[in-house]
Amino acid sequence: MMLTALGLMSGTSLDGVDVALIETDGRQIKAFGPSGYRPYTEGERSLLRQALTEAVHLSRRDARPGILRQAEQAVTTAHAEAVASFTAQHRISAQDIDIVGFHGQTVLHRPERRLTVQIGDALALAKVIHIPVMHDFRAADVEAGGQGAPFVPVYHRALAQSLNREGPIVVVNIGGVSNITYIDGTDTLIACDTGPGNALLDDFMFRQMHQPFDTAGKFAAMGKPDDAWIAQALKLPFFALPPPKSLDRNDFASLKLGAVAPADGAATLTAFTTAAIARVVPLLPKQPKSWIICGGGASNLTMLRMLRERLAPATVEPAEALGWAADAIEAQAFGFLAARGMKGLPLSYPATTGVPIPMTGGIIARP
C-alpha cells in the first residue's frame, strides 16, 4: 500500500526547514512530489545557536531548561509555517497526506551516553497542521546502543536502486556534518559520519565575514589550504575508527585556525571536509566506483572540485546531475522513514548505526 508522506528536515547547518512530498510504501519510491523551503530568520538562527550551547549540559532527552524551551517553540512554529505555506502553494489538503515525518532540530548528539536530543513539539505541530506526525526517529536506536546516525542510508539505497549502475556507489550528504552511505548491490549497506560538513566553514564565515555560508565556494576558491593544519586535524582518533560512527555538530569546534586570512581559512576548512570524506575510503570493503554528492555541500563548487581531486579515479557528481532533488533529499528521506515506521520496517541496521539488530522507530503524534 502506497502512502503519501510529507518529510520535514532541519539540519545541523541551521539554515531552515526543508519540505518534500513523496509517494512510497517504505520500500520503493513510486513518485516524488514537490519540495519547498522555509529559511530560519537571523533571530531564529541566533536562538538555535544559543540552544546548541546550552544543550551541552543536558542529561535527559526530554528536558527543556532555559533557552531550549523557547528554541523548541520557535522550531515548532517554523515547521508549522513551512507546512502551511507548502500545502497552500501546491493546493494540497491535509486529507491528501497520510503521515508527516518530523525530524526536529538536533541540539545534542551523544550516543556514547545513550543520549540524542531533537527539539520540536510534534503533538503541537500535529494539532496545528491536522495531520498525524511521526517523530523521535533516533531514540530507539540510541537506547539500544546504536549511534542514532546517520539515518538516511535506507533512503539512499532506494534512490540508488533506480540508477542501474555498477557498485560500489557512495552517497555523500554534506550538511553541518558529512555522512556517507556505501551501497554495493542489495545486500551491502554501510554508513557513518565522516567528519565536519559545512558547520565549521559556516561558523567561520559567520564570524569573519558576517555571511551564513560561502556561496558556491567562491571565497574558498580565492584562498590556499593549510595542508599541515589539515594533516594534524586528521590525526584525531575519530578518523581512524571504522564505520559505523557518528558526530555531534560541534565535535570539531575546538579546532582553531589561528591568525589566517579569511579566504585561506575558508579554503582550509573546505579542504578539511573533503579530506575527511576521502579518509573513509580505506575503511570501506572496496574502492567505490562512483560518489554522489547531496546536501548543501553539493552547491559548493570548490568542495566538489576538491572531492574530485581526492577521490579520483572514481567519478564524483552532484545529485542534481542524476535528476535527484539534492536540497530535498533529507526531507524526502524523513517522509520515506515515516512510511517505513508506520509499517514497522527497519530504519537502522548494525552496519549503519552499530545497533545490535535492525531497528524500527518513530512515535506518532495525532491531531
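Numbers here simply count residues along the sequence, with the first being 1. For clarity, every value in this text was computed on a predicted model and none was experimentally measured.
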[X]-[Y] co-clustered via ILVMFWY side chain contacts under 4.5 Å:
X: I131; Y: I364; value: no
X: L257; Y: F252; value: yes
X: L337; Y: Y349; value: yes
X: L236; Y: W229; value: yes
X: V117; Y: M9; value: no

Under 3.5 Å, side chain of [X] to main-chain N/O of [Y], donor-acceptor pair present?
X: Q105; Y: G11; answer: yes
X: N198; Y: I174; answer: yes
X: D98; Y: T4; answer: yes
X: D193; Y: N179; answer: no
X: D214; Y: A220; answer: yes
X: R114; Y: E143; answer: yes
X: Y40; Y: S46; answer: no
X: S35; Y: V19; answer: no
X: R165; Y: S162; answer: no
X: S85; Y: A82; answer: no

Indicate the atoms forming the closest heavy-atom contact of [X] with [Y], along with that distance.
X: M2; Y: T24; value: SD-C, 3.4 Å
X: P196; Y: F272; value: CG-CE2, 3.6 Å
X: P262; Y: Q208; value: CG-OE1, 4.0 Å
X: G341; Y: M134; value: C-CE, 3.7 Å

Any Lys/Arg nitrogen of D203 or R249 sitting under 4.0 Å from an Asp/Glu carboxylate oxygen of the other?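 A salt bridge is present here (some side-chain N lies under 4.0 Å from a carboxylate O).
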Pair R49 + E42, salt bridge at N-O below 4.0 Å: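 Counted as a salt bridge, because a side-chain N and a carboxylate O are separated by less than 4.0 Å.
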Any side-chain heavy atom of [X] within less than 4.5 Å of one from [Y]?
X: L125; Y: L8; answer: yes
X: F213; Y: M205; answer: no
X: T181; Y: P150; answer: no
X: R279; Y: T194; answer: no
X: P285; Y: Y182; answer: yes
X: K30; Y: D25; answer: no
X: W291; Y: V281; answer: yes
X: P318; Y: C294; answer: no

Sort out for me which residue in L347, D141, V142 forms a side chain to side chain contact (heavy atoms under 4.5 Å, CB included) with T353.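 When side chain to side chain contact (heavy atoms under 4.5 Å, CB included) is applied between T353 and each of L347, D141, V142, only D141 qualifies.
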Under the criterion side chain to side chain contact (heavy atoms under 4.5 Å, CB included), which of V152, L189, I190 is the partner of T352?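 Answer to the side chain to side chain contact (heavy atoms under 4.5 Å, CB included) test with T352 among V152, L189, I190: L189.
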Fellow cluster residues of M359, listed by chain then number, with links counted only when side-chain atoms sit under 4.5 Å apart: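 Traced through the cluster, M359 reaches V355, I357.
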Given the rule in the side chain to side chain contact (heavy atoms under 4.5 Å, CB included) test, do D184 and K286 qualify, once you have shown the distances and angles that lead to the verdict? CA-CA 9 Å; D184 194 10; K286 289 194 281 188; 2.9 Å; yes
What do the steps show when you test Y155 against F32 for ring-ring contact (aromatic ring centres under 6.0 Å, His included), and what is the final call? CA-CA 13 Å; Y155 183 61; F32 299 108; 7.2 Å; no
Residue pair K245, L283: steps toward the side chain to side chain contact (heavy atoms under 4.5 Å, CB included) verdict: CA-CA 12 Å; K245 54 184 176 178; L283 307 174; 4.0 Å; yes
Apply the test side chain to side chain contact (heavy atoms under 4.5 Å, CB included) to residues R138 and H103: give CA-CA distance (whole Å), side-chain angles for both, the deciding distance (0.1 Å), then the verdict. CA-CA 9 Å; R138 302 180 191 271; H103 176 267; 2.9 Å; yes
Excluding sequence neighbours, so at least two apart, what forms salt bridge (Lys or Arg N to Asp or Glu O under 4.0 Å) with E81?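 For E81 the salt bridge (Lys or Arg N to Asp or Glu O under 4.0 Å) partners, ignoring immediate neighbours, are R38.
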How long is the span from the CG atom in L48 to the OG1 atom in T106, to the nearest 0.5 Å?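 Between L48 CG and T106 OG1, I get 11.0 Å after rounding to 0.5 Å.
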Using 30° and 60° as the class limits, which term best fits the ring planes of F86 and H90: parallel, tilted or perpendicular?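 Tilted.
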Are F137 and F336 an aromatic pair, judged by ring center distance below 6.0 Å?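 No, the ring centres sit 6.0 Å or more apart.
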Just jot down the side-chain hydrogen bond (donor to acceptor under 3.5 Å, both in side chains) partners of Q147, sequence neighbours excluded, or say none.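 Q147 satisfies side-chain hydrogen bond (donor to acceptor under 3.5 Å, both in side chains) with S246 only.
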Stepwise side chain to side chain contact (heavy atoms under 4.5 Å, CB included) test for I97 and L21: CA-CA 9 Å; I97 301 169; L21 201 68; 4.3 Å; yes
